[in-house]
Undergrad: 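I am attaching a structure below and will ask some questions about it afterwards.
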Amino acid sequence: MSEVRVRFAPSPTGFFHIGSARTALFNWLYARHTGGKFILRVEDTDKQRNTEEALRVLLEGMRWLGLDWDEGPDVGGDCGPYFQSERQPIYDEYLARLKDAGRTYEKEGAIWFKLAGERYTTYDEFKQAEVEKVKTQPVVIDDAVRGRVERSEEMDFVIVRKDGSPVFHFVNVVDDIAMGITHVIRGEDHLSNTSKHVELFQAFGATPPVFAHIPLILKQSGPGKMSKRDQGALIEEYAGRGFLPSAVRNYICLLGWSPKDDREKMDIGEIIERFDFPGINRGNARFDEQKLAALNAEYLRELEIGSFTFLVRPILAAKGVITEDEDEDYLQAVLKLAQPKARSLEDLPEYVDYFFQDDYPVDGKVAEKIAKKADPKSLVAEMLPVLEGLAAFDADSIKSALEGHAEAQGQKVFAYFPALRFAVSGQGGGPDLLPMLEVMGRERVLARLRRFIG
RNA sequence: GGCCCUAUAGAUCAAUGGUGAGAUCAUCAGACUUUCAAUCUGAAGAUUCCGGUUCAACUCCGGAUAGGGCUACCA
């Protein structure tokens, strides 16, 4: 029994598209699931777009998602080189084989692949010109995802351009043969190309690999597949937006694959164990930013507070909420309050702003709402001496002091809470009030209360 | 136009030809004896349409409709 060998063959374009990432991920999962090899092959034949920078974005994106390759750039392997731009001698050799077999001809300076079958002339789709078509044996693809698909290739096609460069269909097949690829897992957009590829495999006398065409990722709303301009399309943007690679990876797994038992949040080990072709869907998947965000929030909440702080610090600094040298203990104490309620790291700066800034914004609607019940200034004025007299400024002490005062006034303690919160934060919501006051500390709280009273 | 793929709540996925069609996100409501985007509980919400096969169809077959893809000397 031969080992599974799968590959991801991206073209460095300067960005790492979520669709490519998903293809890479599925190939990687299949290799890890079967104990096979995952090969990274860079299709860098387009010299215009291919730059150092473009390659870096790609490799960094792969690494960020935790997709390590067994053969390819940086790690090498027995079937190199792993850049198509360095494989010209191999393409020459394979082209010669095709030539010797009489399966090529030249026309208008380009080299064409000659299909096997009876030839006849007919008109093109608009009856504009005469074209030569070939009655071929239909290609039957036993697709691991979609089942039996039958398609006939009926026109010869170019395999080497007149400038001498080989085209995608040709190099793709040659490399797959030369690298011993056993399973080709790729987007459904290649399904129609597969008949061309199978024709080539057969012309080389090679057994075609198992094909598995996975559904495409459609944009969140509107028609068509996800394009690089759609929100959430670029992997390299997720890190800066506070997404965790484990969450993004988990979400992308669910785009076109299902474990079939309603489980969604799974660690990668479990996914590897369960990932296989029967679980891959046939219908296209639609990208859902909200669902990704919800999953990310779940991952965020289970992070150790230290890791969470490490992750959030640069984000807060970038927004100017804190300075680079913000006190670690205070920052961590604040984040400990915010983490359980955090929905995304993008909104977090706004959520914790007032812990660090004295000129925080004041929510006008909340001001009105609070003022309706009682004058917040007089409530705060009542509380001020109570808090000033506190020996220890911790949640429990504050609580019993406030309760004692409220009771003496014949009030419920909650009558004071909204005004207090508003006075120290300008907000109507936020972390639990008592621990929040403790974390803010006596000085800050009292100063803000005094300022509030005016 | 030709060829190929797909079709269950607003979205993403489940359901050996026999269930009360299930889960998550989103939405709405209640709770957590302050707030709140977290948490808990609950509610609403779907088999695209028309035929056929069958004792029985979400499931199999055909058609329609809708969505997606390919149709390059791009990859």
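Nothing here was measured: the structure is a model prediction, and the numbers come from that model. Numbered from 1 within each chain, the chains take letters A, B, ... in sequence-line order.
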Undergrad: At under 4.0 Å between heavy atoms, which parts of nucleotides 8-19 of chain B does protein reach? Answer with one letter per nucleotide, 5' to 3': B base, S sugar-phosphate only, - none.
TA: ---SBSS-----
Undergrad: Step through it carefully: locate the ring centre of A:Phe355, locate the ring centre of A:Tyr360, and say whether they are under 6.0 Å apart.
TA: no
Undergrad: From the set B:A75, B:C4, B:G67, return the single nucleotide nearest to any side-chain atom of A:Leu218.
TA: B:G67
Undergrad: Across the strands shown, which category fits A:Gly109 at heavy-atom distances under 4.0 angstrom: base, sugar-phosphate, nothing?
TA: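 Here A:Gly109 touches no strand at all.
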Undergrad: Show me the donor-acceptor pairs within less than 3.5 Å that the side chains of residues 242-249 of chain A make with the rest of the protein, sequence neighbours left out.
TA:
residue, atom, partner, partner atom, Å
A:Arg249, NH1, A:Leu65, O, 3.0

Undergrad: Determine which bases of RNA chain B form Watson-Crick or G-U wobble pairs with both distances under 3.5 Å, and write the result as a 5' to 3' dot-bracket string with | for other-strand partners.
TA: (((((((..((((....[...)))).(((((.......)))))....(((((..]....))))))))))))....
Undergrad: Determine the interatomic distance between P on B:C49 and the same-named atom on B:A66; round to the nearest Å.
TA: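 Taking atom P in both B:C49 and B:A66, they lie 15 Å apart.
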Undergrad: Under the rule for side chain to side chain contact (heavy atoms under 4.5 Å, CB included), what residues qualify as partners of A:Glu150, not counting sequence neighbours?
TA: A:Pro138, A:Val140, A:Arg148
Undergrad: How are the rings of A:Phe157 and A:Phe113 set relative to one another: parallel (under 30°), tilted (30 to 60°) or perpendicular (over 60°)?
TA: tilted
Undergrad: Between B:C70, B:A75, B:A38, which one does the side chain of A:Lys225 approach most closely?
TA: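 Output: B:C70.
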Undergrad: Identify the residue among A:Arg41, A:His183, A:Arg5 that makes a side chain to side chain donor-acceptor pair (under 3.5 Å) with A:Asp176.
TA: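 Only one option passes, and that is A:Arg41.
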Undergrad: For B:C5 versus B:G42, give the span between their C1' atoms, rounded off to a whole number of Å.
TA: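 Approximately 40 Å lies between the C1' atom of B:C5 and that of B:G42.
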Undergrad: On RNA chain B, compare the nucleotides closest to A:Lys107 and A:Pro340; which residue's is nearer the 5' end?
TA: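 By nearest-heavy-atom nucleotide position, the 5'-most residue is A:Pro340.
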Undergrad: Send over the distance from A:Glu302 CD to B:U39 P, rounded to a whole Å.
TA: 12 Å
Undergrad: Go through the steps for A:Gln220 and A:Asp230 under the test side chain to side chain contact (heavy atoms under 4.5 Å, CB included), then give the verdict.
TA: CA-CA 8 Å; A:Gln220 173 129 10; A:Asp230 291 313; over 6 Å; no
Undergrad: Quantified in whole Å, what is the P atom distance between nucleotide B:G2 and nucleotide B:U16?
TA: 37 Å
Undergrad: Mind checking what makes side-chain hydrogen bond (donor to acceptor under 3.5 Å, both in side chains) contact with A:Ser397, not counting sequence neighbours?
TA: A:Asp394
Undergrad: Describe, in one word, how the ring planes of A:His169 and A:His197 are oriented to each other, choosing from parallel (under 30°), tilted (30 to 60°) and perpendicular (over 60°).
TA: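 The arrangement is tilted - the two ring planes meet at 30° to 60°.
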Undergrad: Quickly work out the A:Lys265 NZ to B:U24 P distance and round it to whole Å.
TA: 15 Å
Undergrad: Mind listing the side-chain donor-acceptor pairs of residues 250-260 of chain A below 3.5 Å, one per line with the distance, residues two or more places apart or on another chain?
TA:
residue, atom, partner, partner atom, Å
A:Asn250, OD1, A:Met266, N, 3.0
A:Asn250, OD1, A:Tyr299, OH, 2.5
A:Asn250, ND2, A:Glu264, O, 3.0
A:Tyr251, OH, A:Asp288, N, 2.8
A:Tyr251, OH, A:Asp288, O, 3.3
A:Ser258, OG, A:Lys260, N, 2.9

Undergrad: Without decimals, in angstroms, what is the distance between A:Leu216 CG and B:G67 C1'?
TA: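 Interatomic distance, CG of A:Leu216 to C1' of B:G67: 12 Å.
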Undergrad: With the side chain of A:Arg343 defined as its heavy atoms from C-beta on, choose the nearest nucleotide among B:A37, B:A75, B:C5.
TA: B:A37
Undergrad: Between B:C73, B:A75, B:U6, which one does the side chain of A:Phe168 approach most closely?
TA: B:A75
Undergrad: Take A:Glu350 and A:Gln84, find for each the nucleotide of RNA chain B with the closest heavy atom, and name the residue whose nucleotide sits nearer the 5' end.
TA: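 Comparing both residues, the 5'-ward one is A:Glu350.
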Undergrad: For the C1' atoms, the ones on B:U6 and on B:U41, what distance do you get once it is rounded to whole angstrom?
TA: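 So the two C1' atoms sit 38 Å from each other.
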Undergrad: Counting side-chain heavy atoms from C-beta on, which of B:C5, B:U71, B:G69 comes nearest to A:Arg146?
TA: B:C5
